[in-house]
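Source: prediction; values computed, not measured. Numbers here simply count residues along the sequence, with the first being 1. Below, each value reflects all heavy atoms present in this structure, side chains not excepted, and no hydrogens, waters or symmetry copies.
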Amino acid sequence: MRKGRFSAVLIVMLLANLTYAQDQPLDQVGKSQSPYLLLDKGLQFRITENVNALYNFDFETAERGFRVMQYQYPDHPLPYFLLGLSTWWKIAPDVENDKYDDLFIEQMDVVIDKADELLDNDPKNKEAAFFLAGAYGFQGRLYSERKSWTRATFAGKNALKYLNLSRGEEELGPELLLGDALFNYFSVWIPENYPLLKPVVAMFPKGNKALGLKQLEDVAQNAFYARIEAQYFLFRLYASEEKQPYKALAITDYLHSKFPNNPYFHRSYARHLYTVGRITEAKEMSEQILQRIDEKWTGYESNSGRYAAFYIAQYYDRIGDQREAKKYYLKTLSYGEESESQESGYYLYSLIALGKMANQEKNKPLAKSYFNQVKKYAKRKHPAHKEARDYIKKNKL
């Protein structure tokens, strides 16, 4: 979660969505007495294979099961949300890809309509509020990625509103506790990091970050539907806000082992290996990613390639193999240009590394060209911009 970018708020504030877990003991599966479909243990058991398929990027299997649910529960938002979630994960590895935008927004609109009908019939329906928070949250994130700020702000306010309504009722167990956890954490985090949003958050009850983190851990361990979503939030929080990289690594290790074909979890695991200094393992994971891109595996594309190529380049750079390092820094640039990510740190620091190599090889014009590209793509306040300016000056390029 990067400060200074409004879409980052929406990523964390608005994704009050519903995702899924697995491996519950069979003795926990039975008929639910709850009026909420979310808590129907029999349904949970029946859709586990489809949910697992979704997260493992087998969308055909996942969507086939969700359409059966849609036939069985035509008036409930759950199957429509699951189909939308499947579309979202087609977007997630590279959010710059707008191929699925219209379909996804339309699917979330159907979820909103179905959930509104439930809420009209029962204004205290926590399940309906939870789906509304999730659907508006997803829409808000996508609108923010597309820099459609008016729509993003509207969706964000609605997401926070319904997230607040979905809180409480502890007897419902960890499924809906996710709403409490996200609200507690981010209702404090948002005004701390984005003062301009304080008036929006001030309309709601005061949260508690420590409690929110504890609740997320509870959901991550005990929920059926919400476990993976809680783990997703936890590894992001541990990596950035909480400064606990080893906890982030442990979660991404689990997620990658459970869903080995998910490119987002794959590259996140490689990233956290790199972060904690396990550079050889990060290189091995990254080589798998690049191979899958070459083999055209579902969801593996240039955005993941940019991460992977950089980690491999760093490995060779650190062992002094400049030839291989240069090869993979150049690959990082190629993947970055393909995904139009020239402002990313991986792209910028690859340019710096290549510039230094060119200068060491006495090719000052090429070195200057690389550093000028850093100045072109990086904002002036970015550390890479300063490093490029200082290097040019010091080495008289």
**Q.** Lys90 charged N/C atom sitting above Phe59 aromatic ring, 6.0 Å / 45°
**A.** yes
**Q.** Side-chain heavy atoms of Asp58 within contact of Asn261, under 4.5 Å
**A.**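 Sidechains of Asn261 and Asp58: no contact.
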Does either side chain, that of [X] or that of [Y], offer a donor lying less than 3.5 Å from an acceptor on the other one?
X	Y	answer
Glu337	Tyr347	yes
His76	Glu127	yes
Tyr71	Arg67	no
Tyr254	Gln231	no
Glu281	Tyr274	no

Q: Ignoring hydrogens and angles, tell me if any N or O in the side chain of Asn121 forms a donor-acceptor pair with the backbone of Glu117 under 3.5 Å.
A: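 It does hold such a pair.
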Q: Kindly assign one of parallel, tilted or perpendicular to the pair Tyr391 and Phe371, based on the angle between their ring planes and the thresholds 30° and 60°.
A: parallel
**Q.** Parallel, tilted or perpendicular, as decided by the 30° and 60° cut-offs, for the rings of His266 and Tyr300
**A.**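 It falls in the perpendicular class, over 60°.
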Q. Quick one: ring pair (Phe, Tyr, Trp, His ring centres under 6.0 Å) partners of Tyr80, sequence neighbours excluded?
A. none
Q) Is Lys356 salt-bridged to Glu387, cutoff N-O under 4.0 Å? A) yes
Q.
What I want to find out is whether Arg306 reaches Glu96 closely enough, with some N-O distance under 4.0 Å, to be called a salt bridge.
A.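 Between Glu96 and Arg306 there is no salt bridge, as every charged N stays at least 4.0 Å from the carboxylate O atoms.
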Q: Look at the side-chain heavy atoms of Ile, Leu, Val, Met, Phe, Trp and Tyr, link any pair under 4.5 Å apart, and say whether Met285 and Val276 land in one connected group.
A: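 Looking at the clustering, Val276 is in the same group as Met285.
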(Q) Centroid separation under 6.0 Å, is that true for the rings of Tyr346 and Tyr311? (A) yes
Q. Can the ring centroids of Tyr264 and Trp88 be said to lie less than 6.0 angstrom from one another?
A. no
Q: Using the side-chain contact (heavy atoms from CB on, under 4.5 Å) rule, pick out the option among Phe66, Phe130, Phe138 that qualifies with Phe81.
A: Phe138
Q. Which one of Phe265, Phe235, Tyr238, Tyr246 satisfies the ring-ring contact (aromatic ring centres under 6.0 Å, His included) criterion with His272?
A.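 One option only clears the test, and that one is Phe235.
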